[in-house]
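Below: the structure, in structure tokens.
Each ligand, and each atom within it, is numbered from 1 in the order the structure gives. These values consider heavy atoms only, across backbone and side chains, with no hydrogens, waters or symmetry-generated copies.
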Amino acid sequence: MTSEPILSIRGLNVDYGTGQDAVHALRDIDLTLHRGEVLGLAGESGSGKSTLAYAVTRLLSPPGVITGGEVRYHRVTDPDPVDILALSARELRAFRWQELSIVFQGAMNSLNPVHTVHSQLTDVLKAHRPETKRAERTARATELLALVGISADRLGAYPHQLSGGMRQRVMIAMALALDPEIVIMDEPTTALDVVMQRQILRQLVKLKAELSFSVIFITHDISLLIEFSDRIAIMYGGRIVEEAASAEIYRDAHHPYSDGLLHSFPALHGPRRELSGIPGSPPHLAAMPAGCAFHPRCGKAFEPCGTQVPVLAAPPGDGSRTVACWLHQDAAVGAAAGP
Ligand code: SF4
């Protein structure tokens, strides 16, 4: 991992709907993915994690609309970053798969049931590299399966002849088919059991080291991220509320919501943590509480929390993380714009 950015998101705002009926799904998202790192995005359903993945990849469909901000992709060879939000449809088609690929939630069920693994893998190659010969495409499909730990004799298999874990690995192989620089994985292992999830993630991290791509990994299960990601950004109510190295989040989560998430999942390693969960439910986007959106569920809420939105900033004297919480905010930083 380097400190060089490969993807930078600044001030990203996304609404669902327009005019008076618009609800703010993402507010003021600032996030950087560094070259070679695994960046984890954690948060409960409705926190905005998937909306962020869709917005960054320009796959947001109506009524979702990007209302502000920028998303830039930094190529090694080009000093000028690519403005992803300004790419034409043609440029976007080339950009996706070749430079950035995405594995969606439930992707393992999106394999076409009437086509073999061979035909689905080689179709990607045929569409994006039409100059390749059939034998080359088959060789690449075999190589891709080997990368994800599936033997070549499964090339002729149909999806229903594979286990859930294998189908998910085929989807990862497909995402890697054109050697992308960035892979975004949106809850790709949620449907699998914990052992299989960890096997696949371990393999992904190994592949990342071999092939040098960077990963944004989205899940509600923060314990997986603690183990497999370099940094974690935690989302709540469409905002990032804390961002730090995984080890720092594990050691000393500052935001009460991050702490609540940590106590919602059993730790996979290290000392046993008491599981307490988080009281209440995530807010509805159309009825976001005033002030800190977490305040109705927060056991540490105090005077400014119900009226003023804390900004995401480094706590005084601590440059290792950013956190949006009045407990760690210098009053001089001021409040963010409301919901
Ligand atoms: Fe809790 Fe207040 Fe911090 Fe929000 S700002 S997490 S309500 S203490």
query: By number and element, which atoms of ligand 1 are closer than 4.0 Å to a non-hydrogen atom of Lys300?
result: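 Contacts of ligand 1 toward Lys300, numbered from 1: 8 (S).
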
task: Considering the heavy atoms of Leu327, write down every atom of ligand 1 situated less than 4.0 Å from one of them.
output: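 Those atoms are 8 (S).
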
Reference residue Ser258; test side chain to side chain donor-acceptor pair (under 3.5 Å); the match among Glu243, Glu242, His263: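 The passing option is Glu242.
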
- request: Using a strict cut-off of less than 4.0 Å between a Lys/Arg side-chain nitrogen and an Asp/Glu carboxylate oxygen, indicate whether Glu136 and Arg140 qualify as a salt bridge.
  value: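 No salt bridge links Glu136 with Arg140.
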
message: Could you check whether Arg239 pairs with Asp28 (Lys NZ or Arg NE/NH1/NH2 to Asp/Glu carboxylate O, under 4.0 Å)?
response: yes

Can you tell me which residue and heavy atom of the protein come closest to [atom], and the distance to 0.1 Å?
atom: atom 4 (Fe) of ligand 1; result: Cys292 SG, 2.4 Å
atom: atom 1 (Fe) of ligand 1; result: Cys298 SG, 2.4 Å
atom: atom 6 (S) of ligand 1; result: His255 CE1, 3.4 Å
atom: atom 5 (S) of ligand 1; result: Trp326 N, 3.2 Å

task: Kindly give the heavy-atom pair with the smallest separation between Leu261 and Ala42, and that separation in Å.
output: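 Looking at all heavy atoms of both residues, the shortest contact is CD1-CB, 4.3 Å.
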
query: Heavy atoms only: which of Cys325, Pro296, Cys305 is nearest to atom 7 (S) of ligand 1?
result: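 Going through Cys325, Pro296, Cys305 one by one, Cys305 has the nearest heavy atom to atom 7 (S) of ligand 1.
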
message: Regarding Tyr257 and Glu44, do their side chains bring together a donor and an acceptor under 3.5 Å, going by distance alone?
response: yes

- request: For Asp153 and Ser151, test the side chains for any donor-to-acceptor distance below 3.5 angstrom and give the result as yes or no.
  value: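 A donor-acceptor contact under 3.5 Å links the two side chains.
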
